[in-house]
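Worksheet: one structure, shown below.
Keep in mind that the numbers below use all heavy atoms, side chains included, and drop hydrogens, waters and symmetry copies. Since the model is a prediction, treat every value here as computed from it, not as a measurement.
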Amino acid sequence: MNKSVFAKCIDVSRWQGDIDWKAVKAAGIDNVMIRCSSWDNRGPCVDPEFKRNISDAYAAGLNVGVYHYSYAANVAEARREAKFVLELLAPYRLQLPVAFDFEDIAAHEPLSKRQATDIVKAFCDLLEGERYYCVLYTFASWMSGKFYDAEIAKYDKWVAHVGVSAPAYSGDYGIWQYSHTGQVAGIKGNVDLNYIYKDYPAIIKAAGLNGYERPKPTPQPEEPDADDWQEAGLDQLAQAGVIDRDEWAGRMDEQVTVGELLGLLGKLCDKAG
């Protein structure tokens with residue numbers, strides 16, 4: 001699938017350590033997906049670097065999105081994770097999507113297609129119901145065969161497939177993670193690299209998602225009601241001397257014939273001539 005790249009993006013977590021976000025921005029990186037959280041058998045966990053990363057990335061002028069690493073093995077756990085993410089994100093406005101990171105081999109590989117699909121729907125539907133732009137992140141191989149395609153078609157996709165010229169996924173996707181070994185100034189060691197194919201900040205802001213206010217509709221001029229038109233017409237005809245204003249005022253609720261209308265128009269034209 002030939003796609004036009006809109007922007008480059010990195011994704012980061014605690015494993016990148018202390019990041020110099022000003023240096024990242026100066027290196028030409030304008031977009032970042034930051035791991036915000038996970039929920040394993042120990043319970044909910046906020047990524048130790050999340051709050052610092054999101055604050056400093058904002059301050060450096062980057063567009064920010066987040067991803068939640070899931071261990072959910074059923075619908076109830078997926079909904080529990082989604083509610084936790086919503087609480088965590090409440091203080092923030094995000095210019096990029098919120099990603100449901102579905103890739104844990106131990107938790108997710110044993111699941112049936114039905115189970116995997118229902119888990120994705122449970123998480124994403126809850127986020128979207130609260131007006132967040134949600135995307136599904138997983139491997140290209142899982143994106144192609146782990147879910148019922150028709151049921152996840154409505155969700156945007158973030159496909160992971162590194163070391164290839166294009167991901168082995170024939171469906172539509174908005175982000176492609178193409179490398180795990182990127183080098184970016186301001187980050188020690190490797191970092192994941194991605195291509196973005198949509199103008200997410202414009203889409204999200206225009207729709208009033210991810211903490212942004214819904215756009216207010218443009219006020220439309222009020223149409224005068226029928227009585228207003230009638231009164232204005234009577235005034236004009238009376239001023240032109242075509243009718244007696246008082247006489248016609250009592251006739252406006254009656255049926256006026258075509259002949260009468262034509263007669264009035266004729267008199268008006270005579271006056272104008």
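Aromatic rings from Tyr133 and Tyr200 are positioned such that their centres are separated by under 6.0 Å. Aromatic rings of Tyr173 and Tyr197 (six-membered ring for Trp) have centroids within the 6.0 Å cut-off, being under it. Between Phe50 and Tyr92, the ring centre distance stays below 6.0 Å.
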Output, in order, the C-alpha distance, side-chain angles, deciding distance and verdict of side-chain contact (heavy atoms from CB on, under 4.5 Å) for Glu49 and Ile34. CA-CA 9 Å; Glu49 296 296 324; Ile34 299 172; over 6 Å; no

If you apply the rule side-chain contact (heavy atoms from CB on, under 4.5 Å), what do you find for Val162 with Leu193, and how did you get there? CA-CA 9 Å; Val162 304; Leu193 303 177; over 6 Å; no

Could you go through the side-chain contact (heavy atoms from CB on, under 4.5 Å) check for Tyr155 and Leu127 one step at a time? CA-CA 11 Å; Tyr155 310 120; Leu127 266 289; over 6 Å; no

Could you walk me through whether Asp104 and Glu109 pass the side-chain contact (heavy atoms from CB on, under 4.5 Å) test, one step at a time? CA-CA 7 Å; Asp104 191 77; Glu109 190 169 48; over 6 Å; no

Could you go through His68 and Phe123, starting from their C-alpha distance and side-chain angles, then the distance that decides it, and tell me whether this counts as ring pair (Phe, Tyr, Trp, His ring centres under 6.0 Å)? CA-CA 10 Å; His68 168 78; Phe123 185 95; 5.7 Å; yes

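Checked by atom type and distance alone, the side chain of Asn31 never pairs as donor or acceptor with a backbone atom of Val64 at under 3.5 Å. Checked by atom type and distance alone, the side chain of Arg131 pairs as donor or acceptor with a backbone atom of Ala207 at under 3.5 Å. A donor-acceptor pair under 3.5 Å links the side-chain atoms of Thr138 to the main chain of Phe102, judged by distance alone.
Of the inter-residue distances, the one linking Leu86 atom CG with Glu81 atom CD reads 12.0 Å to the nearest 0.5 angstrom. Here the straight-line distance linking atom SG of Cys45 with atom CZ of Arg14 works out to 7.0 Å at 0.5 Å rounding. To the nearest 0.5 Å, atoms OG (Ser37) and CG (Leu89) are separated by 7.0 Å. Annotation: the span from Leu94 atom CG to Lys205 atom NZ amounts to 11.5 Å, rounded to 0.5 Å. Considering OG of Ser179 and CG of Asp192, their distance stands at 7.5 Å, rounded to 0.5 Å. Residue Ile152 holds its CD1 atom at 5.5 Å from CG of Leu136, rounded to the nearest 0.5 Å.
Hydrophobic clustering keeps Val159 apart from Tyr148 (ILVMFWY residues linked when any side-chain heavy atoms are closer than 4.5 Å, directly or through intermediates). By the rule that hydrophobic residues join a cluster once side-chain heavy atoms approach within less than 4.5 Å of another member, Ile19 and Met33 end up as members of separate clusters. In the hydrophobic clustering of ILVMFWY residues, with side-chain heavy atoms under 4.5 Å counting as a link, Val46 and Trp15 come out apart. A continuous path of Ile, Leu, Val, Met, Phe, Trp and Tyr side chains, each step under 4.5 Å between heavy atoms, connects Ile10 with Ile54, placing both in one hydrophobic cluster. In the hydrophobic clustering of this structure, Phe100 groups with Val98; members are Ile, Leu, Val, Met, Phe, Trp, Tyr whose side-chain heavy atoms approach within less than 4.5 Å, directly or through other members.
By the 4.5 Å heavy-atom criterion applied to side chains, Leu88 and Cys36 are counted as neighbours. Val5 has its side chain out of reach of Ile196: every pair of non-hydrogen atoms, C-beta onward, lies at least 4.5 Å apart. The shortest side-chain heavy-atom distance between Lys3 and Trp176 does not fall under the 4.5 Å cut-off.
Salt bridge present: Arg35 and Asp47 bring a charged side-chain N and a carboxylate O closer than 4.0 Å. With salt bridges taken as basic N to acidic carboxylate O contacts below 4.0 Å, none links Lys113 and Asp118.
When all heavy atoms are compared, the tightest approach of Tyr67 to Ser13 is OH-CB, 3.6 Å. Scanning both residues, Leu96 and Ile204, for their nearest heavy atoms gives C-CD1, 3.6 Å. Considering all non-hydrogen atoms of both residues, Tyr169 and Asp172 come closest at CE2-O, 3.5 Å. Taking each heavy atom of Leu111 and Ala73 in turn, the nearest pair found is CD2-O, 3.7 Å. Considering all non-hydrogen atoms of both residues, Ala60 and Trp21 come closest at CB-O, 3.6 Å. Ala23 and Gly186 make their closest contact through CB-CA, 3.7 Å (heavy atoms, listed as atom of the first residue, atom of the second, distance).
Tested against Trp39 for a ring-ring contact (aromatic ring centres under 6.0 Å, His included), the candidates Phe84, Tyr69, Tyr71 yield a single pass: Phe84.
Sorted by first then second residue, the side chain to side chain donor-acceptor pair (under 3.5 Å) pairs that include residues 157-167, not counting sequence neighbours, are Trp158-Asn194. Annotation: salt bridge (Lys or Arg N to Asp or Glu O under 4.0 Å) contacts involving residues 145-156, sequence neighbours excluded, comprise Arg114-Glu151, Lys121-Glu151, Asp125-Lys154, Asp156-Lys198.
Note: Phe139 and Trp142 have perpendicular aromatic rings, judged against thresholds of 30 and 60 degrees for the angle between ring planes.
The cationic group of Lys8 does not satisfy the cation-pi geometry with Tyr195, failing either the under 6.0 Å distance to the six-membered ring centre or the 45° limit from the ring axis.
Between the side chains of Asn74 and Gln115, not a single donor N or O lies within less than 3.5 Å of an accepting N or O. Side-chain contact annotation: Asn210 with Gln95, donor-acceptor N/O pair under 3.5 Å absent.
Shown here is Lys83, whose NZ atom has no more than 12 heavy atoms of other residues, nucleotides or ligands within 6.0 Å.
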